[in-house]
Amino acid sequence: MRGTLFAALLAVCPGLAWAGDLTVSDPVVPLAPPGLMAHSAYMTLTNAGDVPRTLVGVAADGYAMAHIHRSDDSGGVATMSAVDAIAIAPGQSVTFAPGGLHVMLMHPAAPQAEGDTVTLTLQFANGEALPVTATVRRLKHGS
Ligand SMILES: [Cu+2]
């Protein structure tokens, strides 16, 4: 019955990735200007389980490299630094969003169009890998 329930869940929520007690909602790759060699992906990760989980890396199909970065413009200077690990406590969510955490996608193999999908594989400290399908779409200005 669990398999049936899982299949039904996937059918109802095509944008929702699920592994154990981790869910990823609204994975998106904002449409980047053509020729840009690095751009971002965003999502919200939720730990619905009762053990802490730690995100330690990400891979992206169609890109030479993908890293977890954090933007910081405190002090008036915009900087971006690599993040080695993100702990997500039970019941907590971590949001990747413009101006903060993001998945940095580097060196795309091909230009992207609205509606394309990018498979991101989130890697966790316990060895688990969670594939997430992000959709390329135009974000509203300022969001
Ligand atoms: Cu970055």
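We count ligands from 1, going down the list as the structure has it; atoms in each ligand are counted the same way. If you're wondering where the values come from, they're calculated on a predicted model, not measured in any experiment.
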*Pairs flagged by ring-ring contact (aromatic ring centres under 6.0 Å, His included) wherever residues 56-105 is involved - sequence neighbours left out*: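 Listed by first then second residue: H39-Y63, H69-H102.
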
*Which protein N, O or S atoms lie under 2.8 Å from the Cu ion (ligand 1), given by chain and residue number?*
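The answer is H69 ND1, M80 SD, H102 NE2, M104 SD.
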
How many angstroms lie between atom [atom1] of [X] and atom [atom2] of [Y], to the nearest 0.5 angstrom?
X	Y	atom1	atom2	value
T95	Y42	OG1	OH	12.5 Å
R137	L31	CZ	CG	11.5 Å
L55	I68	CG	CD1	4.0 Å

*asked:* So does T23 get a backbone contact from the side chain of T46, meaning a donor-acceptor N/O pair under 3.5 Å?
replied: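 A pair under 3.5 Å: no.
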
*When you look at V24 and L45, which way does the side-chain contact (heavy atoms from CB on, under 4.5 Å) test go after all the steps?*
CA-CA 5 Å; V24 178; L45 259 161; 3.6 Å; yes

